[in-house]
2 protein chains.
Amino acid sequence: MNKGTLKYIAKELGLSASTVSRVVNGKYEGNEKTKQRVLEALEKHSYIPNEVARSLQKSSTETIAVVLPDISETFFGTIVKEIENEVSDSGYMLILADTHEKAEKERKYLDILYKRRVDALVLATIDSNGDAVSKFIANDIPVVFIDNIPKLDGISAITIDNKKAGQIAVDYLLSCGHTQIATIIGSTSETTGADRLAGYCSALSDNNIEKNDSLIKFGDYKLDSGYKAMCELLDNRDKAHFTAVFVTSEQMTYGALRAIRDRNLNVPDDISVIGFDIHNLKDDRRQMITTVRQPEDIIGKNVGELLLTHLRENDTPKEDTRIFLEPFLQKGDTVKNFKKENILF
Amino acid sequence: MNKGTLKYIAKELGLSASTVSRVVNGKYEGNEKTKQRVLEALEKHSYIPNEVARSLQKSSTETIAVVLPDISETFFGTIVKEIENEVSDSGYMLILADTHEKAEKERKYLDILYKRRVDALVLATIDSNGDAVSKFIANDIPVVFIDNIPKLDGISAITIDNKKAGQIAVDYLLSCGHTQIATIIGSTSETTGADRLAGYCSALSDNNIEKNDSLIKFGDYKLDSGYKAMCELLDNRDKAHFTAVFVTSEQMTYGALRAIRDRNLNVPDDISVIGFDIHNLKDDRRQMITTVRQPEDIIGKNVGELLLTHLRENDTPKEDTRIFLEPFLQKGDTVKNFKKENILF
DNA sequence: ACCACCTTTGCAAACGTTTGCTATTATAAT
DNA sequence: ATTATAATAGCAAACGTTTGCAAAGGTGGT
């Protein structure tokens, strides 16, 4: 029999595994003396329970899966950190899956994670076909989306109000005197992109500015697509002029900025740029990119809390939770203010 | 008996669990017809193996623990991403522990991870007392350090050459005409800090510049300590003058920059700064902080590869692996070049 | 001296797999 | 018809726990 196991120690003591187990778990109600004997033996062998065996028996792994497109982005890193912070005291650990923005990898990971019997799933999906996720729901494993609103029932979601995010950006540009505003939107097959676009549109129409479809370009959240979209906008600038552009993802923002630079245009003198999810360096001495931001830390904290209530009460809540947090604007130096000309620079 | 299990399906087919198991794992050698029957039944019930049970039986969880101080830092995020990328094809998943730079949390996590029977451990320790880690070594669980050189035997390490990092920084400053160079070093109880300091010293002495101890300050890698150290340096500047400072961590660099700004001094005109691990925004249109960098992606890739060979061959290699990667300088706009005055700005 | 009851501990099944060995049956060789 | 051989499938133990139930032993009351 393997050393270091409950059974082994029990046999050595002439006791049963049950007794030792109960002592280990603080459920022992018997003789104080034997309790001490057991405790000593545990100490002596420096017994360490096997969580895998425990998991099997309890059918709970105390593990939360986090599936996201790119852990190296500060945005996701911060969310993960906050989730961890929230759930670690309850003994849960995080198992991390980076999908590299690939739908196929996401599906594969979801399958594996289901096999591994994670207790809960946090998902920033890039492919909310949602089929791979339905197994989780069917088995009452809590699922929380952190990036967009799921199409299936049974999934909670904690996101920002993406429509408002679009509005904030456009409102700010309007307040700076811009009226010809272009935008680069990520995929609209998810609510995320669609809502940001909706916010853009409604802010315009609220201010009686007619929307110009040739000022709306679409990308896939990645750098190259932002570059390409910006090029198209610039190429068509004679016909569809604009003074500012609202780019709706971090990577696409970098792409757009690069495209602008490649044409030897200046930001913000020639074109104003407002980005998304840009994490400017903490050293605020220097130039910053104006950006719409999400409160990642609050998102993460909320996800953690929600997960814990789901997991503890072990009741799937009657209603899917929907928490919408506030996006906010972080002013930088990439938007020109026509209202107070020449003051900013 | 629980539905969805091997046993259940076996019973329904009038077969034994063994047979079904063997089909599932492609180890079945029997009658083609029964194989098909089993396959159909598996399909029909959409059978999903329970990895927890498998892990218990195989005593291998296909899980790699990654323990680090702060996953929200791009530096660690990138390393994690690359490790994941390297090992995911082999079926390994990452379990993530963020220690929030606390030695106690690190120890706690290491204990838990050992209980959870992870197959390997990647550790960026902040407390290489190493005691919590010795259990892993004793049980032939591969351990790789990614931040400093372990004191214990049996641990591999993949780091940059930290001495060279110090030399690179100082050499660059010297080449720009600086001779009075201060430095802010993280804890020297780890090799990381000690080596960077050694590099700083040797670069000075190689150039026949006498080291001035009052230009060497110590911090704990965090922002506040960088701020404080910089203040001390500035307060003492009459007695110990300097034109440049080499700060040896990302957060301390931000702290130092803030201290400089708070005194209304200009970077680089009044003081040149060279940081560490600074991830300047990808939009290289803008001002950047001059910094020593580590090739995170290569570190991650190497860690992944090393882990896989350890895990696959299941042999603890005779010798502890030591891989030293090259740090590199990323030039920015925070170092003044006295050699070609007024050209850079 | 008997019964009732409480205290202390153990038995055995269960969690869901994998796998070495054996049993059964069919096939072929003599 | 007998035996050797191969093909097929199952038994049962193992992985290391947890836990409902039962058994053993002890105590005290009558």
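So you know, we letter chains A, B, ... as the sequences are listed, proteins then strands, and number each from 1. The basis for the numbers below is simple: all heavy atoms, side chains too, and nothing from hydrogens, waters or symmetry mates.
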Checklist entry - When all nucleic acid strands are considered with a 4.0 Å heavy-atom cut-off, which category describes Glu51(B): base, sugar-phosphate, or nothing? => result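 It contacts nothing in the nucleic acid.
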Quiz item: Ser55(A) near the nucleic acid: base, sugar-phosphate alone, or nothing, with a heavy-atom cut-off under 4.0 Å?
Solution: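 Since no nucleic acid heavy atom lies under 4.0 Å of Ser55(A), the category is nothing.
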Under the 3.5 Å rule, do the base of [N] and the side chain of [X] count as making a donor-acceptor pair?
X: Arg117(A); N: dG16(C); result: no
X: Ser18(B); N: dC11(D); result: yes
X: Thr5(B); N: dC15(C); result: no

How long is the line joining [atom1] of [X] and [atom2] of [N], in whole Å?
X: Gln57(B); N: dA14(C); atom1: CD; atom2: P; value: 19 Å
X: Lys11(B); N: dC11(D); atom1: NZ; atom2: P; value: 11 Å
X: Glu62(A); N: dC15(C); atom1: CD; atom2: P; value: 19 Å
X: Ile48(B); N: dC15(C); atom1: CD1; atom2: C1'; value: 18 Å
X: Asn31(A); N: dA24(D); atom1: CG; atom2: P; value: 19 Å
X: Asn50(B); N: dA14(C); atom1: CG; atom2: P; value: 17 Å
X: Lys58(A); N: dG16(D); atom1: NZ; atom2: C1'; value: 14 Å
X: Ile9(A); N: dG16(D); atom1: CD1; atom2: C1'; value: 12 Å

inquiry  = Between the side chains of Lys301(A) and Glu305(A), is the shortest nitrogen-to-carboxylate-oxygen separation below 4.0 Å, so that they form an ion pair?
reply    =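 Yes.
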Q.
So that I can tick it off, tell me whether Glu51(B) and Arg54(B) are bridged by a salt bridge, with the cut-off set at under 4.0 angstrom between side-chain N and carboxylate O.
A.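 Looking at Glu51(B) together with Arg54(B), the answer is yes, because their closest N to O distance falls below 4.0 Å.
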[X] side chain, from C-beta outward: closest of [options]:
X: Leu56(B); options: dC15(D), dT19(D), dC11(D); answer: dC15(D)
X: Arg22(A); options: dT17(D), dT17(C), dT19(D); answer: dT19(D)
X: Ser21(A); options: dG16(C), dT18(D), dC11(D); answer: dT18(D)
X: Ser16(A); options: dG10(C), dT17(C), dG10(D); answer: dG10(C)

If you find the nucleotide of DNA chain D closest to Gly30(B) and the one closest to Ser59(B), which residue's nucleotide is nearer the 5' end?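 Its nucleotide being nearer the 5' end, the pick is Gly30(B).
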>> Assuming nearest nucleotide by heavy-atom distance, tell me which of Lys3(A) and Thr19(B) is located more 5' along DNA chain D.
In response: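 Of the two residues, Thr19(B) wins.
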Respond yes when some side-chain nitrogen or oxygen of [X] is under 4.0 Å from OP1 or OP2 of [N], and no when none is.
X: Tyr8(A); N: dT17(D); result: no
X: Arg54(A); N: dT18(D); result: yes
X: Lys7(B); N: dT17(C); result: no
X: Asn2(B); N: dG16(C); result: yes
X: Asn25(A); N: dT18(D); result: yes

Exercise. Measuring from Asn148(B):CG to Ile160(B):CD1, what's the distance to the nearest 0.5 Å?
Worked result: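 Asn148(B) atom CG to Ile160(B) atom CD1 measures 11.5 Å (nearest 0.5 Å).
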**Study point:** Donor-acceptor pair between Asp98(B) and Tyr109(B) side chains, under 3.5 angstrom
**Key:**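 Asp98(B) vs Tyr109(B): no donor-acceptor pair found between side chains.
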Query raised in the report: Do the side-chain N and O atoms of Gln36(A) and Glu32(A) include a donor-acceptor pair separated by under 3.5 angstrom?
Result: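 A donor-acceptor contact under 3.5 Å links the two side chains.
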Would you say NZ of Lys35(B) has more than 12 non-hydrogen atoms from neighbouring residues, nucleotides or ligands within 6.0 angstrom?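 Open: at most 12 neighbouring heavy atoms sit under 6.0 Å from NZ of Lys35(B).
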